[in-house]
Every structure is written in structure tokens, then in C-alpha cells.
Amino acid sequence: MKALILVGGFGTRLRPLTLSKPKPLVEFANKAMILHQIEALKAIGVNEVILAINYQPQVMLSFLEEYEMKLGIRITCSVEIEPLGTAGPLALAKQKLIDEPDEPFFVFNSDIICDYPLKEMIEFHRGHGGEASIMVTKVDEPSKYGVVVLDEETGKVKTFVEKPAAFVGNKINAGIYLLNTSILNRIQPRPTSMEKEIFPSIAEEGQLYAMVSMGFWMDIGQPKDYLVGLRLYLDYLRRNSSLELAVGPNIIGNVLIDKSAKIGEGCVIGPDVVVGPSCMIESRVRLSSCTLMKGVRVKSSAHVSGSIIGWHSTIGESAQVSGMAVLGENVHVSDTMFLQGVVVLPHKEIKSHFVKPAIIM
Ligand code: GDD
Ligand code: MG
């Protein structure tokens, strides 16, 4: 069985992190976003993953070569000269997607995290006999997604409306599809939207079905949602009694700490914290609802909450970083600074306070 992951786009909503690496390679819970997906695909027997790329293919490829070996799965690329949207890349990769014997294939948006109920999806797809299955999930704020109206009994999709202006329903496209290869006859290799063009027409013909997933789900392509996704994911690890989570008197709630990180005396860490490899957390540091990427140093008595700290950055002694701050790679915050809700581009030094959201270039 094959799968295609849509890894195009510039990841602008996850800047400044995506100024250092393509969005699918940004770590989520200490593992590149795309590896969560490839592992889930491998686990249900997918033997080839095709990455539909339109940006920095060399960076992606050298990273994934390593994992081809480690995970024992074929990873190939289909490179666009111009961005082909969310459907065009399927037509471009047509020859790669057609398998012998003819089998349906998975398509993933690269920026979603969930419990990947892929086995259930294969059963669901076989059961209804239509051409296409999409996974849907319930959300409170459907307007920023593709909304799916379906027949509750059969799962047959009545309408698919991408980013509706008015309320249509609260079940949304979760960005995971299982498609028969016949779908490829409907798509041309030019810029085309799966959500605006292909799905509405398949739905009209009564060939599109939706499986409602009850597990956790999040699109982690924006900093705020990234942190919400992290909370849901860590909770999922806890409920599945994962041994990865940290334990100790100074740990509150769900916390993931890479084994190469060093934690000083008197720190209080959690809830919902991820500490990356080679991080140095000095004494009396307070961390909550945040991610520290690889090689971050937090000096003594500093506080970090509700924020993402990029690779190899430093938070000075007694400094406070909070309110959805996102620091790019190699940012250095001086001692005692107060930073609230700022976005800091890579390689900056911060020597003054910022009490309200700003972009520091
Ligand atoms: N190869 C390629 N080429 N990939 C692309 C291109 C392109 O031109 N444009 C976007 N992508 C990829 C993105 O990298 C992402 O993995 C996926 O297609 C979806 O694009 P987003 O930009 O993340 O879309 P969205 O989040 O606004 O909406 C989509 O995802 C929602 C769920 O998170 C839609 O599919 C919605 O219907 C859906 O609800
Ligand atoms: Mg997205």
C-alpha cells in the first residue's frame, strides 16, 4: 500500500521556526512532524511514502534518507516546479501511486497530528464501496477548516465546503484521505484544490464518504494550535501509559524530557512541557506549557510559559518569556528580560523588555 504526504507550502504561519527548516521537519514532541505520520503509515503496512514537495527538496531528502533505513520504508519525492495546490500533486505522482494489484492509497496533510485510526479507515473504505474516504473530526471553530456535511448513518458526504464564511456544521476535514486510484482520472497536473474542486464534485456524485474520528486531532501549523496539539498528544501518551513521560517530585502533569537534556536543582516543570535533546536547564527554572527545541539553554530562575523556543536559543537568568512567544533558532534573551507574546526571528539578541505582542526582526 502507498501513501502521499502533501509537504508543500512555505509554512508561513509557523514562522520563525520555518525559516530554519521546512515545516514537516519541525519537531513536535521531540520528533519531526512528518516522522509521526510516516511511523503511523508504516505500522499499518504502507511500504512506500511519496512526499509531494515544492520547496527545499534537498533538505527534506537528506533528512529522510536516514529514516528510510531506520524505519525500513521506501520514501520517495515528487517535486513540483510550481506549487500545484492540494490536488495537482496527486496527478503529478500518478505513476508512482498506481500499485500492482490496484489498491487505494492514503493522502495526508503534513501538519496534522492525531491518533491515526488508519486501520479503521481501511475497513470503513472497504465497507462503503465508494471512491473516496476522508477522516473528519469535530471542532468548536469550523470556519478555518473544510466543513463536511454527511449522512450520519451511512457516512455519505452531502456537501464539502472549504473555509465556510457562515456556519454549515462542526465536522471538519481532518486532512487524511483514502482514495481509489480512479480518483487520479479526475485530476490534472496543474494547480488544483482538493478541497474546493475535487471533493465537492465527488460528493455530488455520491462517491465521497466520511469517517468520524473520536480520537484527538489538531492541525499544528500555527503556534497556538501547536501548543494545544502538544497538550492533547502528551495526554494521549499518558492515557496509553507511555513510559516516555517524565516522573519526579518537580514534575507537574505531562512532561517529555529528552534523555540527553540536563535539569538543574529546584526546577518546577509542567504541565505540558517538552524539553529537547541537549537542552541545559539551570537551577530554579519554571517551565509550563512550552516546547524547548534542541540545544536550548535556560539560565537559573528564568520562567518560560505558553511559548516555543527555537533551536540553540538562550533564555537569560531570571528572564520571563510567556504569552505565545515564538523564538527562532539561535535567539539570545539577556538576563532579567520580560518578553510577552513576541515573535523573534533567528539569530537575534534581545536586550530590552517587550510587554506586548511584536515581531522582532
Ligand atoms: N505539494 C504541495 N503543493 N503541498 C501543498 C501545497 C502545494 O502547492 N499547498 C499546500 N500544501 C500542503 C501543506 O503543506 C499542508 O500539508 C496541506 O497541503 C494543507 O495545506 P494547509 O495550508 O495546511 O491548509 P489548511 O490547514 O489551511 O487547510 C487544510 O487542512 C485542514 C485540516 O488541517 C484543508 O485540507 C482543510 O479542508 C482541512 O480542514
Ligand atoms: Mg494546515
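All residue numbers in this chain count up from 1 along the given sequence. Whatever order the structure lists ligands and atoms in, that order sets their numbers, starting from 1.
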Q) Near L84, which atoms of ligand 1 are under 4.0 Å from a heavy atom of that residue? A) 8 (O)

Q) Do we see a donor-acceptor contact under 3.5 Å between the side chains of E265 and S283? A) no

Q.
With a 4.0 Å cut-off on heavy atoms, is G85 in contact with ligand 1?
A. yes

Q.
For ligand 1, which is the ligand I care about here, please tell me if I172 has any N or O atom under 3.5 Å from one of the ligand's N or O atoms.
A. no

Q.
Given 3.5 Å as the limit, does a donor-acceptor pair link the side chain of S143 with the main chain of E141, or not?
A. no

**Q.** Atom indices of ligand 1 within 4.0 angstrom of P83 heavy atoms, with elements
**A.** 8 (O)

Q) Between K2 and E103, is there a salt bridge with N-O shorter than 4.0 Å? A) no

Q. Charged N to carboxylate O under 4.0 angstrom, D111 versus K23?
A. yes

Q: Using a 4.0 Å heavy-atom cut-off, say whether F199 meets ligand 1 through its side chain, its backbone, both or neither.
A: neither

Q.
Can you see whether N180 engages S182 through a side-chain donor-acceptor pair at a distance of less than 3.5 angstrom?
A. no

Q) Which of the numbered atoms in ligand 1 are below 4.0 angstrom from a heavy atom of I112? A) 33 (O)

Q. Hey, does K163 sit under 4.0 Å from ligand 1 if you only count heavy atoms?
A. yes

**Q.** Pairing of R74 and E48 as salt bridge, 4.0 angstrom limit
**A.** yes

Q: Run the numbers for me: atoms of ligand 1, each under 4.0 Å from some heavy atom of N54, listed by number.
A: 3 (N), 7 (C), 8 (O)

Q: Taking S260 for its side chain and S278 for its backbone only, find out whether a donor-acceptor pair lies under 3.5 Å.
A: yes

Q: Considering only NZ, NE, NH1 and NH2 on the basic side and carboxylate oxygens on the acidic side, decide whether E195 and K163 come within less than 4.0 Å.
A: no

Q) What part of N173, side chain, backbone, both or neither, has a heavy atom within less than 4.0 angstrom of ligand 1? A) both

Q.
Show me which atoms of ligand 1 lie under 4.0 Å from any heavy atom of E162.
A. 28 (O), 34 (C), 36 (C), 37 (O)

Q: Indicate yes or no: does R186 engage E205 in a salt bridge with an N to O separation below 4.0 Å.
A: yes

Q.
Does either side chain, that of S289 or that of D272, offer a donor lying less than 3.5 Å from an acceptor on the other one?
A. no

**Q.** Which of the ligand 1 atoms, numbered from 1, are nearer than 4.0 Å to a heavy atom of S110
**A.** 14 (O), 16 (O)

For residues 343-358, please give each side-chain donor-acceptor pair under 3.5 Å, one per line with the distance, not counting sequence neighbours.
{"residue": "H347", "atom": "ND1", "partner": "N330", "partner atom": "ND2", "Å": "2.9"}
{"residue": "H353", "atom": "ND1", "partner": "F338", "partner atom": "N", "Å": "3.0"}

Q.
For the CD atom of E82 and the CD atom of E80, what is their distance to the nearest 0.5 Å?
A. 8.5 Å

Q: Measure the distances from the heavy atoms of R13 to every atom of ligand 1 and state whether one is below 4.0 angstrom.
A: yes

Q. Do any nitrogen or oxygen atoms of A52 lie less than 3.5 angstrom from nitrogen or oxygen atoms of ligand 1?
A. yes

Q) Testing F106, F199, F105, F160 for ring pair (Phe, Tyr, Trp, His ring centres under 6.0 Å) with Y177, which one passes? A) F199

Q. Using heavy atoms and a threshold below 4.0 Å, how should the contact between T86 and ligand 1 be classified: side chain, backbone, both, or neither?
A. side chain

(Q) Show the atoms of ligand 1 that are less than 4.0 angstrom away from any heavy atom in E195. (A) 34 (C), 35 (O), 37 (O)

Q.
Under 4.0 Å, heavy-atom basis, I'd like to know which part of E80 is in contact with ligand 1: side chain, backbone, both or neither.
A. side chain

Q: Any atoms of ligand 1 less than 4.0 Å from a non-hydrogen atom of W217? List them with their elements.
A: 32 (C), 33 (O)

Q | Nitrogen or oxygen of G146 less than 3.5 angstrom from that of ligand 1 | A | yes

Q. Which protein N, O or S atoms sit under 2.8 Å from the Mg ion (ligand 2)?
A. D111 OD2, D219 OD2

Q | Ionic contact status for D235 with R239, cut-off 4.0 Å | A | yes

Q. Ignoring hydrogens and geometry, is there a side-chain-to-backbone donor-acceptor pair from D335 to G316 under 3.5 Å?
A. no

